[in-house]
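Worksheet: the structure to be examined is printed underneath.
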Amino acid sequence: MRNLDESRAKWIRLRMGILSGIMALGLGAFVSSAYRVQVEDATSWREAAENQRQRRLHVEPKRGTVYDRNGTSLAVSVEVPSVSADVVEMLRGNDPKDREATLRDAAARIGKILAIDANDIYDKLAQKKRFVWLKRRISSEEAVAIREISDPKKTPHSLKGLTIDGEGHRYYPGRELGGPVLGFVAPDGFGKDGLELAFDEELRGHVEEVKGVRDRTGRLIFSEGTTDESALAGHDVTLTLDEGIQHVAERELDAALHTYETKGASLVVLEPNTGEILAVATSPGYNPNDYGASEVDSRRDRAITDRFEPGSVMKVFTVSAALAAGSLHPNDTIFCEHGTYKLGNVTIHDTHQNDWLTPTQILAKSSNIGSLKIALNLGENGLYSSFRRFGFGEPTGLPLPGEAAGVLRPKGRPWFEVETANASFGQGISVTTVQLAVAMGAIANGGRLMEPLLVRKVTDARGNLIRENTPHVRREVIPASVAHMVAEMLTAVAEDGGTGVEAAVDGYRVAGKTATAQKVDPETGKYSEDKYTASFVGFLPADHPRLVIAVVLDEPMIGRYGGDLAGPVFRRVAEASLRALGVMPEGGGKLAKVSRADDPADITLAVMKPKPEAVAAPQPPPIGPPLPSNVKVPDITGMAARDAVRTVTAAGLVPEIEGSGKLTRQEPPPGTQVPKGTSVHLVFEIGS
Amino acid sequence: MMLRNVRKVNVPEIVAPAPLDAKPNAAADKNPVDVVLGALLVALIGFGVVAVYSASQVYATTQFHDPQFFLKRQAAYAVAALVLMFGISHVDYHRLYKLTYPVLVGVGILLLMCVVGFGHSGGGAARWLSVGPVHIQPAEMAKLSLVTWLAYSLSKKAEKVKSFAVGFLPHMIVAGLYMLLCMKQPDFGSAVVLLLLTFTLLFVAGARVGYIMGAFMIGVPLAVAAVRFKAYRYERYLAWMDMEAHKQDLAYQPFQAVMSFGSGGPWGLGLGRGLQTLYLPEAHTDFIAAIIGEEFGFVGILCLCLAFLALVARGVRTALRAPDDYGSYLAFGISTMFGVQALVNLCVALSIFPTKGLTLPFISFGGSSLLVNAAAAGILLNISRHAQQKGDYEEEKADPSQKAENAAPEAEEDPAMGDVFGDAQIADVGTSEPATS
């Protein structure tokens, strides 16, 4: 500043100094502020920042798929684009005067694309939120159009702040198929019913296992360690259900619902040897794709949540229990009091006036009196504990929400005599459809109570096995011999003279039991005269059971008898299922059908008196006192199973069966002299 | 009366234009620049590139599918800025005389173009002008343009700065026009900076404090009105006052910025480890300080502040050592320009002030800001070449003839110069109306 006089230069320096000092003070103030924020309050700010990111982590990963046993998708998550707006971004740098006009313009343009009223869009935008959904689940054309108006290169006055995000949407390709079993997923991403609820955590995936960071729109930007979204994705669940069988079961159940005007119906198809459930059908069902439109009542999986008085089907387990306990012999005969029996002050009726009946006949004719006599002979505790061993009175352990246990002893005390009697034919106790199927499975598979399986395996999104369910025997309920014996007895039900002839399937022997149980009228507390539960529980082929099917029709308005109503459903589902499983016909069944067709009037006659030829023949020989005489083992080579068994039993020998098809081998060989009652091992093979 | 007074003083001024006598000094070009200043500038520009990359990576990836989108651009700007800076540092700042008015008017026209509709509407605010593929921001240029003009005008007027009509009013009117154009864009922050620069240079040059205080008294209600009656500014102000309640909407950005600072703690999360870039809008431009605070912690912010302090201090030192008033005012104005912008930007980032659209000089992403600041820094560096050593100063005072010898040939070399500025000078001084159109 050489041009200035000394005093002016000094003043200029002084003033520069003052200003520099002010700036330095300002900087000092800033630094002290920064110290407060960054050093003193650092912990709370850091926590706040972490919370902000952490919360974003709970955005749902892709939900796992539910498959049937053959890998058909039953429930899948698809990414559906949804469009959202950041209004602050949209208005960034906008003149405040023009804000309303800008939003109006934006609303009009967006509304035109999304086919929504512009005023609705404007109302959403006018809240000026940083995040607002404009439309969820838009079509791909809409997504393209939205991207176009957001792109400054393609549109001169492009809109800012619009984001299109893939949002997981649950889709059930089979529509109503398995609806109540599968359940549904609410828009918040949580499974709300059925398997979606039961396996919600696994299907949703384990977000907390992977640390990721999401930005303010919720998109995953990067994750520590892995950028693979599949690590976040939910696990896939493979069911034991067979889509084809499930489909047939639902179709037939719906048909029954409409034909007989039932209030509801349920059906379970079970593989008796493994406990795998091949189908669980419920009617009326619903479409989980549009669960909002369905009645709450129709979303219930009746097969596991509804308990009912099973009626006569319990006679199977009563007889099995008595046979296993030794209080009943297969060739005992029981006096059935000509259809009326007084027990204390209660009178019990049979539908038919029977006199002396074998256990087989008691089952075939469904005699209440015969059954109660067997039960009383066995004793209260014997019957109760037996039912418990068959799995009644406790949940079967299916991984589904709301499974009912059923009730045996209503108040936890032992039954009175009359209650024991009632329980023997399925009154005064309650069970579920799936319990019936599983218990019948134990008869079919040689006495083992299997744990029912609905889920085969759980795999992660990369295909690694997380969990696999293998068949699990809960307990040996009855000896295999008793199980086989009862199975054989049950074949009479679907044969001529039985109550379940409608259930007979061409080419296969069917073992099963009908039931027609009066329902308790909730208003009067007494058994109603016109409300029934009609059911049929059975398995086939009787010799090598592959399927157990339990059909329960609740309150049919047209008809009432389990055999007439549930029998045909059983038959049709069985036929389709056997075809689906590729089970070869083994003979049997057709005869009964033909005879029924020939002389329908004969049925009444037939049930009046024992029909030794048809009913007694398959009955195993007595296990009681060994007969002294020796018999010759008959030559049965090449016979079909049914004929072979008949021939062997007719000779007073006990057949032990292995395989299916034609007889290829027998032990001991034909012609050998053996004592009566000796076991004959028969090996069948499906051959030419 | 004042006019008459001015005229009286005016006459000898033209005869002996003392403050403008310093002529281009070719010898000074050989002098070294202030090395500390140069090093600080290069360091800040370099650090800016790194900080921009760290802060913009996520945004660049999501918006442009190229994590280096902003890095590439900022690196290119940085190279251009360094070239420009060292280029200008070789241009004798006295030669800028010629450019003062063309630049002042040119920038004024650019600002006007922004306002009348040529502005590239970045969603509403017309702050950018599109020239082919590049967007320039005239408001950034306005700051430097105003500083050069004020330095020129004030040094020329010397003692007359004290008068209202000559020394005070014309400068306020020119600055006022600039500010008005900035406000129209709207760019409130730049207008405030322009006003502060004007006051600063008027004060330094010796304008009466009473006038400045008076203008300040008028300015404050105007500014309050500008805030109160512009709905969005008032909303922003209210949100800033009650940040907790508005942290999801209007105060989202400042709130996230403070959170960035805070979560950095004393030592920071480390370069590139900041996570607030996911949440903080404009993390690589106006709010880059917040990301620096998160990644480098309080220590980093302290270092950044010290760097700016050193930058301004070296600038003021250059001002004090400048060979003439013009250089001195210019150096001080440029230093203040850096200091005020940095300070306001930092305070906004830490929510001490409400949000304004101001960049952090040399650090924030943006070509206009970086290049203009680099040009300013180049001028500053050039002035530092002319810095007088203590010895020089004494020597010159002792031997004024040497000065005259040096000056004389330069004047002959460029005879037009005196005429051009002489005319302007007369116009300036001779009328009470400002002739700065």
Side-chain angles (χ1 to χ4, degrees), chain A residues 1-4 8-9 11-13 15-20 23-24 26-31 33-35 37-39 41-50 52-53 56 87-99 102 127-130 157 160 213-217 219 221-222, chain B residues 18-19 21-22 58 61-62 122-125 159 186 200 203-206 230-232 248-249 252 258-266 275-276 278-279 281 293 297-298 301-302 305 308-309 312-313 316 319-320 322-325 328 332 336 339-340 343 346-347 350 352 388 393 396-397 403:
Chain A
M1 294 175 211
R2 55 188 173 180
N3 308 305
L4 303 174
R8 190 165 126 78
W11 276 107
I12 289 176
R13 288 205 179 102
R15 287 190 289 250
M16 283 183 177
I18 290 170
L19 289 174
S20 302
M23 275 196 279
L27 195 68
F30 168 77
V31 169
S33 257
Y35 180 82
V37 170
Q38 294 198 274
V39 180
D41 301 343
T43 320
S44 65
W45 281 116
R46 185 170 290 184
E47 267 172 29
E50 266 166 25
Q52 168 169 278
R53 294 192 292 269
R56 304 288 170 179
V87 185
V88 176
E89 184 71 34
M90 190 177 276
L91 290 172
R92 184 174 303 288
N94 211 336
D95 192 295
K97 288 198 303 284
D98 307 335
R99 281 188 173 187
T102 309
Q127 296 167 6
K128 294 182 185 153
K129 293 242 175 80
R130 284 214 75 108
H157 295 284
K160 291 196 294 186
V213 172
R214 285 171 189 272
D215 72 359
R216 61 181 189 272
T217 58
R219 278 174 307 196
I221 295 299
F222 60 87
Chain B
D21 69 339
V58 168
T61 310
T62 56
E159 287 295 329
T200 302
F203 177 71
V204 165
K230 281 280 183 186
Y232 84 102
Q248 287 304 332
D249 42 75
Y252 177 84
V258 177
M259 195 185 273
S260 308
F261 272 109
S263 66
L275 294 166
Q276 280 294 105
L278 301 171
Y279 297 92
F298 177 68
I301 288 295
L302 196 62
C305 288
F308 274 108
L309 187 70
V312 175
V316 172
L320 292 174
D324 47 26
D325 275 10
S328 183
F332 191 77
T336 314
V340 165
L343 195 55
L346 289 172
C347 288
L350 200 55
I352 299 168
Q388 291 172 308
Y393 186 61
E396 277 171 32
K397 272 189 72 136
K403 179 193 80 185

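Just so it is clear: chains get the letters A, B, ... in the order the sequence lines come, proteins before strands, and each one is counted from 1.
Considering only heavy-atom pairs separated by less than 4.5 Å from chain A, the leading option among B/L309, B/I352, B/L350 is B/L350. Of all the listed residues (B/T61, B/V316, B/V258), the one sharing the greatest number of non-hydrogen pairs under 4.5 Å with chain A is B/V258.
Checked by atom type and distance alone, the side chain of B/Q276 never pairs as donor or acceptor with a backbone atom of A/A49 at under 3.5 Å.
When heavy atoms are compared at a cutoff of 4.5 Å, B/A313 does not approach chain A at all. Interface remark: B/V312 contributes side-chain atoms only to the contact with chain A (heavy atom separation under 4.5 Å). Contact of B/L343 with chain A is made through the side chain alone, with heavy-atom distances under 4.5 Å.
Scanning for ring pair (Phe, Tyr, Trp, His ring centres under 6.0 Å) contacts around B/F308 gives an empty result, with sequence neighbours left out. Not counting sequence neighbours, the partners of B/V340 by the side chain to side chain contact (heavy atoms under 4.5 Å, CB included) test are A/M23, B/V193, B/L196, B/T336, B/V344.
Closest heavy-atom contact between B/C305 and A/V31: SG-CG2, 3.7 Å. Counting all heavy atoms, side chain and backbone alike, B/V204 lies closest to A/R15 at O-NE, 3.1 Å. Taking all atoms of both residues into account, the shortest heavy-atom contact from A/F30 to B/L346 is CE1-O, 3.2 Å.
Atom OG of B/S263 and atom CG of A/D41 lie 12.5 Å apart (nearest 0.5 Å). Rounding to the nearest 0.5 Å gives a distance of 11.0 Å between CE of A/M16 and OG1 of B/T200.
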Next item on the list: Dump the intermediate steps for side chain to side chain contact (heavy atoms under 4.5 Å, CB included) on A/I12 and B/F332, then the final yes or no.
Entry: CA-CA 11 Å; A/I12 289 176; B/F332 191 77; over 6 Å; no
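Atom CZ of B/F203 has more than 12 heavy atoms from other residues, nucleotides or ligands within 6.0 Å.
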